[in-house]
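Written out below as structure tokens is the structure these notes cover.
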Amino acid sequence: MFFKFIRAIVRVLLAVINGNAHYQNQEKLPEGNYILVAPHRTWWDPFYIALGAAPKQFSFLAKAELFKNPILRFILVHLNAFPVDRDKPGPSVVKRPVKILKESDKSLIMFPSGTRHSSELKGGMTLISRLSKKPIVPSVYQGPTKFSELFKRTPVVIRFGDPIDISDIKKMDKDGLAEVEKRVQTAFDQLDHEIDPNYKYIAKEKDTD
């Protein structure tokens, strides 16, 4: 209930601030649970992605530092988030989302690049997908990367893609993980091209806002 409540509030806030969001290919989202992945381009793209995939509820990973604040911790926990120590991730980073995907009605949102300004995909999504037997579904955000641009009603587009088949990859070794990462990155590139053939995201070293 808390997740739905917060999502409704966020929907209203973003409509007031921007009011120019477009969600494409929502029919491609599978029935049941899945791992929704996207390149992390700004701190608000998770909100738009979760809105586009409604009414599905999600869990997600958040950096452990955020849980030190008791108020923020309460909010994050009730939003189905769980902490991740980025320096020492530990086995719970895989075990917990696998358990959620298999035993609850919640899917998982992941940004496999790990950080907002990294282009290197990580293998965590592959292992979670393999152990939970849930599909990986790609999505991309195109829109403002500066908060001030949201207020200018700059268009925001979220586009979902077809689930990525990794059933033919038998070994999760270095080569297997590299192949999954290649397929995911190819899906991201294709979705970006379908929205705007001229689009190119340029990662920044740090935020300017």
Side-chain angles (χ1 to χ4, degrees), residues 2-62 79-81 105-119 121 125 129 134-165 181 183-204 207-209:
F2 189 81
F3 184 93
K4 292 181 180 179
F5 174 71
I6 294 296
R7 180 157 56 185
I9 292 177
V10 170
R11 186 184 299 276
V12 172
L13 288 175
L14 290 178
V16 171
I17 293 172
N18 179 269
N20 196 9
H22 308 272
Y23 303 103
Q24 302 176 351
N25 288 349
Q26 290 168 303
E27 71 279 359
K28 292 183 179 292
L29 297 172
E31 296 290 335
N33 285 344
Y34 52 89
I35 303 167
L36 189 55
V37 299
H40 206 357
R41 292 171 174 168
T42 183
W43 63 262
W44 53 84
D45 53 11
F47 299 111
Y48 276 107
I49 290 170
L51 289 175
K56 188 65 181 177
Q57 294 192 52
F58 292 91
S59 60
F60 60 95
L61 293 75
L79 284 177
N80 312 317
D105 61 350
K106 297 176 181 62
S107 288
L108 178 69
I109 290 178
M110 286 189 72
F111 296 93
S113 55
T115 62
R116 198 183 326 162
H117 308 308
S118 170
S119 60
L121 299 176
M125 63 175 174
S129 175
K134 303 301 179 183
I136 297 172
V137 180
S139 62
V140 297
Y141 165 98
Q142 283 190 22
T145 55
K146 293 183 178 181
F147 191 65
S148 58
E149 294 175 355
L150 281 176
F151 288 89
K152 298 178 182 178
R153 296 183 62 84
T154 305
V156 171
V157 179
I158 300 294
R159 187 174 179 90
F160 301 103
D162 292 308
I164 299 171
D165 183 18
E181 294 170 3
R183 294 181 190 184
V184 172
Q185 186 61 56
T186 298
F188 290 161
D189 293 341
Q190 178 179 338
L191 291 172
D192 275 327
H193 183 82
E194 290 169 354
I195 298 172
D196 179 1
N198 298 314
Y199 177 82
K200 184 176 182 181
Y201 172 72
I202 301 176
K204 298 176 292 184
D207 293 329
T208 57
D209 287 353

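Values below: all heavy atoms of this structure, side chains included; hydrogens, waters and symmetry mates excluded. We count residues from 1, following the sequence as given.
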Exercise for the section: Would you give the length of the straight line joining atom CZ of Arg11 to atom CG of Leu13, rounded to the nearest 0.5 angstrom? Expected result: 12.0 Å

Practice task
Working to the nearest 0.5 Å, report the span between CG of Leu36 and CZ of Phe60.
Solution key: 13.0 Å

Handout entry: Atom pair CG (Asn80) and CD1 (Ile6), whose distance is rounded to the nearest 0.5 Å
Key = 11.5 Å

Handout entry: Pairwise side-chain contact, His193 with Gln190, heavy-atom cut-off 4.5 Å (strictly under)
Key = no

Practice task
With the side chain counted from C-beta on, respond yes when Lys134 and Ser129 share a heavy-atom pair under 4.5 Å apart, and no when they do not.
Solution key: no

Practice task
Measure across Arg7 and Leu51 and return the closest heavy-atom pair with its distance rounded to 0.1 Å.
Solution key: CG-CD2, 3.4 Å

Practice task
Output yes when a side-chain donor or acceptor of Asp45 lies under 3.5 Å from a complementary backbone atom of Thr42, and no otherwise.
Solution key: yes

Problem - Trace of the side chain to side chain contact (heavy atoms under 4.5 Å, CB included) decision for Val137 with Leu29 - result: CA-CA 7 Å; Val137 180; Leu29 297 172; 4.1 Å; yes

If you look only at distance, which donor and acceptor atoms sit under 3.5 Å apart when one is on a side chain in residues 156-163 and the other is two or more places apart or in another chain?
from, atom 1, to, atom 2, distance (Å)
Arg159, NE, Glu194, OE1, 2.7
Arg159, NH1, Gln24, OE1, 2.7
Arg159, NH2, Glu194, OE1, 3.2
Asp162, OD1, Lys28, NZ, 2.8
Asp162, OD2, Lys28, NZ, 3.4

Handout entry: Aromatic plane relationship, Phe47 with Trp43 - under 30° parallel, 30 to 60° tilted, over 60° perpendicular
Key = perpendicular

Practice task
Identify the heavy atoms of Phe188 and Val140 that sit nearest to each other, and give their distance.
Solution key: O-CG1, 3.7 Å

Problem - More than 12 heavy atoms of other groups within 6.0 Å of Glu27 CD - result: yes

Completion exercise
d(Asn25 CG, Leu191 CG) to nearest 0.5 Å is 7.5 Å

Handout entry: Student check: side-chain heavy atoms of Phe5 and Ile9 closer than 4.5 Å
Key = yes

Exercise for the section: Give the minimum heavy-atom separation between Asp196 and Gln142, together with the two atoms involved. Expected result: CB-OE1, 3.7 Å

Practice task
Using modelled atom types only, decide if a donor and an acceptor are shared between the side chain of Arg41 and the backbone of Tyr141 within a distance under 3.5 Å.
Solution key: yes

Problem - 4.5 Å side-chain heavy-atom contact, Leu108 and Tyr34 - result: no

Completion exercise
What one should report as the nearest heavy-atom pair of Asp165 and Arg183 is O-NH1, 2.8 Å

Practice task
Give me the ring orientation class for Phe111 and His40: parallel if the planes are under 30° apart, tilted from 30 to 60°, perpendicular past 60°.
Solution key: parallel

Completion exercise
Heavy-atom closest pair (Asn18 atom, Leu150 atom, distance to 0.1 Å) is ND2-O, 3.0 Å

Completion exercise
OG of Ser59 to CG of Leu79, rounded to nearest 0.5 Å, is 11.0 Å

Completion exercise
In terms of heavy-atom contacts, Lys56 and Asn33 come closest through NZ-OD1, 2.7 Å

Problem - Ser107 side chain to Phe58 backbone, donor-acceptor under 3.5 Å - result: no

Problem - Interatomic distance, Thr154 atom OG1 to Asn20 atom CG [nearest 0.5 angstrom] - result: 8.0 Å

